[in-house]
Amino acid sequence: MSASNVELLAQAFAGWGKDKPANMREVLHPDCELVVPDSIPYGGTVRGADAVIGWFTRELWRWFDEFTSTPEGFVDGGDQIVVPVHVQARARNGKTMDVHNVWIYEFSDGKLTRGQVYADTAVLRDTVEGITPG
């Protein structure tokens, strides 16, 4: 029996962090894409397995000293997996955030082809830019 897409996703991102690609390469399709809202400084669309791994292990860390993204469950839609996450982070400027986001991951033939985050981009932007909401 092959692993479900939920199992593949959980294994792929277990233990990721700064300079730690975890097991991502094994599950990423070579032409995968990562979509992060352009309205945040570290946002944009990243294409290709190496670029996606680089975003998670290096690019994100240009903005943060601490960053955890803890899955709060997995909603199994077959080839689409919805993952609500609890993010706690401290930006390089000392600002902290404690937010909840949602990721949608898409699979094809057991490989992750697309990941997209849905988040309160104002909080993310303000945190890395050092803005305290008025």
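Just so it is clear, the structure is predicted and the values come from calculations on it, not from any experiment.
- Through direct or indirect side-chain contacts shorter than 4.5 Å among Ile, Leu, Val, Met, Phe, Trp and Tyr, Val35 is connected to no other residue.
- Scored by the side-chain contact (heavy atoms from CB on, under 4.5 Å) test, Ala10 finds Phe74 as partners (sequence neighbours excluded).
- In this structure Arg90 satisfies the salt bridge (Lys or Arg N to Asp or Glu O under 4.0 Å) test together with Asp65, Glu66, sequence neighbours excluded.
- Side-chain contact between Ile81 and Trp103 is absent, with no heavy atoms from C-beta onward closer than 4.5 Å.
- The ring-ring contact (aromatic ring centres under 6.0 Å, His included) analysis of residues 81-101, with sequence neighbours excluded, yields the pairs His86-His100.
- Between Val85 and Ser69 there is a side-chain heavy-atom pair separated by less than 4.5 Å.
- Across all non-hydrogen atoms, the minimal contact from Glu33 to Arg47 is OE1-NE, 3.3 Å.
- Residues that satisfy the side-chain contact (heavy atoms from CB on, under 4.5 Å) test with Ala51, not counting sequence neighbours, are Val46.
- When all heavy atoms of Thr113 and Ser108 are compared, the closest pair comes out as CG2-CB, 3.8 Å.
- For Glu129, there are no side-chain hydrogen bond (donor to acceptor under 3.5 Å, both in side chains) partners, not counting sequence neighbours.
- Heavy-atom contacts from other residues, nucleotides or ligands closer than 6.0 Å to CG of Asp109 number 12 or fewer.
- Interatomic distance, His29 NE2 to Arg114 CZ, rounded to the nearest 0.5 Å: 14.5 Å.
- For Val99, the side-chain contact (heavy atoms from CB on, under 4.5 Å) partners two or more places apart in sequence, or in a different chain, are Val87, Met97, Asn101, Val123, Leu124.
- Considering all non-hydrogen atoms of both residues, Phe67 and Ala89 come closest at CD1-CB, 3.6 Å.
- Proximity of a side-chain donor or acceptor of Arg125 to a complementary backbone N or O of Asp120 within less than 3.5 Å is not detected.
- Note: the hydrophobic cluster containing Ile104 does not contain Leu34 (ILVMFWY, side chain heavy atoms under 4.5 Å, direct or indirect links).
- Cluster annotation: Trp55 and Ile53 are assigned to the same hydrophobic cluster (Ile/Leu/Val/Met/Phe/Trp/Tyr, side-chain heavy-atom contacts under 4.5 Å, transitive).
- Each salt bridge (charged side-chain N to carboxylate O under 4.0 Å, His left out) pair with one or both residues in residues 74-89, not counting sequence neighbours, would appear here, but there are none.
- Sequence neighbours left out, the pairs with a member in residues 34-46 that pass side-chain hydrogen bond (donor to acceptor under 3.5 Å, both in side chains) are Ser39-Thr121.
- Summarising the geometry of Gly110 relative to Leu8, their closest heavy-atom pair is O-CD1, 3.5 Å, with the distance given to 0.1 Å.
- Under the side-chain hydrogen bond (donor to acceptor under 3.5 Å, both in side chains) criterion, Asp50 pairs with Arg25, sequence neighbours left out.
- When all heavy atoms are compared, the tightest approach of Gly78 to Asn5 is O-ND2, 2.8 Å.
- Scanning all heavy atoms of the two residues, the minimum distance from Trp61 to Phe56 falls at NE1-O, 3.2 Å.
- For the pair Leu9 and Phe107, the minimum side-chain heavy-atom distance is below 4.5 Å.
- How far CD of Gln88 is from OG1 of Thr68: 5.0 Å, rounded to the nearest 0.5 Å.
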